[in-house]
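What follows is a short report on a single structure.
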Amino acid sequence: MRGSVAQSDMMTGAESLLLERLRRRDDTAFEDLLRLHGGSLLRVARRFLISEEDARDAVQDAFVAAFRSIAKFEATARLSTWLQRITINECLMRLRNRRRHPEEDLEKYLPRFKDDGHQAAPATTWSESAETILEKAELCELVRRAIQQLPDTYRVVLLLRDIEEIPNEEVAQMLGITPNAAKIRLHRARQALRTILDPHMRERTA
Amino acid sequence: MNDSPGITCEELIAFLADYLSDELAEPRREAFERHLLRCRACVAYLATYGETIRMSKCVATAQLVSDVPEELVIAVREAIRRA
């Protein structure tokens, strides 16, 4: 039976049992759910919102939203995936409420061209694989900080597409833009991220 | 993007994402690859753009273990009680 707690192919036995408890409004079930998944959801929220306080608020509100809508959860996907989407939507709502002007901020990170269309500052390769130069953790921290530098509008689309690997059509829907606009934003976000990383990667391979 | 024999670096970079995801139709793809044969800067840009995408994925797996702060557990507990 599709949607039945015990028979979803997507859920483990443990998740199925937890879901039963959640649906029964078992007092400790949501706390167990939070302890099980809260860490990774907090990590996701931090990427989107940067501020620790905002990230915790988003996760808190996500769990309240999950509590309110648990009856609608159809068990055709994992609980963790469902929670992640709720958390991401909470983050997106918070970002929409922030007043920023990201478009002006991004231009400085995009490549510049001469009148004849050639690159104004020709790119050079990062000649060695990044992993052979930096410790993995150091490299990842560099990348994480670089992503944080992106304006919200572009950071969000990069996180949704390249990190969370959500398909373009779905990202467009989540953001209330056309699929083509989502594609363009992602490309600009990647270009900007490349620009931010470039001086660090060149320096280490020179 | 014009379909004449040469495209500029600017035109190539504008359509880079489509090229990488194999969404660029012929003859644009041909024009793209012809440009790459003669422009080292764009070959470098393409390579570093691809590296950027690959490197960005490390943040998905970094900090896999992240405890839930006890204050958050308490806050969620209280928020659910009020809901």
Side-chain angles (χ1 to χ4, degrees), chain A residues 27 30-31 34-43 46-47 52 56-57 59-61 63-65 67-68 111 113-114 116-119 121-126 129-131 136-137 139-144 146-147 158-159 162-165 183-184 186-187 190-191 193-194 196-198 201, chain B residues 1-2 4 6-21 23-24 31 35-36 38-83:
Chain A
D27 276 354
F30 274 91
E31 187 165 325
L34 176 61
R35 291 190 189 280
L36 191 58
H37 295 297
S40 66
L41 295 175
L42 200 50
R43 195 180 71 239
R46 283 180 189 128
R47 283 184 218 138
E52 179 67 17
R56 290 189 189 192
D57 285 349
V59 171
Q60 178 180 321
D61 287 351
F63 271 82
V64 172
F67 172 80
R68 288 187 174 135
F113 302 95
K114 298 181 198 171
D116 62 2
H118 284 98
Q119 296 181 39
T124 59
T125 50
W126 303 337
S129 162
E131 284 90 343
K136 209 158 191 180
L139 175 67
C140 205
E141 180 58 18
L142 174 70
V143 173
R144 191 188 64 80
I147 291 174
L158 187 123
L159 290 171
D162 285 348
I163 312 305
E164 303 299 334
E165 296 185 343
K183 263 176 67 170
I184 291 168
L186 175 62
H187 180 45
R190 287 167 170 174
Q191 288 183 81
L193 183 59
R194 185 210 158 272
I196 295 167
L197 289 171
D198 188 55
M201 299 312 297
Chain B
M1 189 164 96
N2 64 63
S4 61
I7 59 169
T8 65
C9 303
E10 187 170 9
E11 287 169 315
L12 182 136
I13 288 172
F15 287 90
L16 199 51
D18 288 343
Y19 176 75
L20 283 174
S21 59
E23 290 172 30
L24 213 56
H35 182 93
L36 288 173
R38 59 179 169 80
C39 181
R40 227 190 295 178
C42 281
V43 169
Y45 197 93
L46 174 63
T48 51
Y49 183 94
E51 278 244 41
T52 298
I53 297 169
R54 194 177 56 78
M55 283 163 59
S56 71
K57 294 186 186 295
C58 79
V59 304
T61 49
Q63 301 173 320
L64 271 177
V65 178
S66 179
D67 287 339
V68 184
E70 206 54 34
E71 307 86 56
L72 181 56
V73 175
I74 294 167
V76 169
R77 195 189 292 148
E78 288 305 308
I80 285 177
R81 272 202 199 118
R82 288 192 305 268

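A, B, ... follow the sequence lines: proteins, then strands. Residue 1 opens every chain.
Both the backbone and the side chain of A:L193 come within contact range of chain B, with heavy atoms under 4.5 Å apart. Of the atoms belonging to A:R68, it is side-chain heavy atoms, and not backbone ones, that fall under 4.5 Å from chain B. With a threshold of 4.5 angstrom between heavy atoms, A:L34 approaches chain B through its backbone and through its side chain. Heavy atoms of B:E23 lying under 4.5 Å from chain A belong exclusively to its side chain.
Heavy-atom minimum distance, A:Q191 versus B:I13: OE1-CG2, 3.4 Å. For the residue pair A:V143 and B:S56, the shortest heavy atom distance occurs at CG1-CA, 3.6 Å. Nearest heavy-atom pair across B:V68 and A:G39 is CG2-N, 3.3 Å. Nearest heavy atoms, A:D116 versus B:T8: O-CG2, 3.6 Å. When all heavy atoms are compared, the tightest approach of B:A41 to A:P122 is CB-CB, 3.7 Å. A pairwise comparison of heavy atoms in B:A17 and A:H187 identifies CB-ND1, 3.8 Å as the closest pair.
Per-residue counts of heavy-atom pairs under 4.5 Å with chain B were compared for A:F63, A:F113, A:F67; the largest is that of A:F113. Chosen from B:V76, B:T48, B:L46, B:V43, the residue pairing most often with chain A at heavy-atom distances under 4.5 Å is B:T48. Contact count versus chain B (heavy atoms, under 4.5 Å) is highest, among A:D61, A:D162, A:D57, for A:D162.
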Take A:M201 and B:E51, measure what side chain to side chain contact (heavy atoms under 4.5 Å, CB included) needs, and give me the verdict at the end. CA-CA 10 Å; A:M201 299 312 297; B:E51 278 244 41; 5.9 Å; no
Could you please spell out the steps behind the side chain to side chain contact (heavy atoms under 4.5 Å, CB included) verdict for A:E31 and B:V73? CA-CA 7 Å; A:E31 187 165 325; B:V73 175; 3.8 Å; yes
Run the side chain to side chain contact (heavy atoms under 4.5 Å, CB included) test on A:K183 and B:D18 for me, step by step, so that the C-alpha distance in whole Å, both residues' side-chain angles and the decisive distance to 0.1 Å come before the verdict. CA-CA 9 Å; A:K183 263 176 67 170; B:D18 288 343; 3.0 Å; yes
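Judged by distance alone, the side chain of A:R47 and the main-chain N or O of B:V59 form a donor-acceptor pair under 3.5 Å.
Between the side chains of A:R190 and B:T52, no donor-acceptor pair of N or O atoms lies under 3.5 Å.
Rounding to the nearest 0.5 Å gives a distance of 14.0 Å between CE of B:M55 and CZ of A:R144. For the atom pair B:E10 CD and A:H118 NE2, the distance stands at 11.5 Å (nearest 0.5 Å).
Taking B:A75 as the reference, A:Q60 meet the side chain to side chain contact (heavy atoms under 4.5 Å, CB included) condition, with sequence neighbours excluded.
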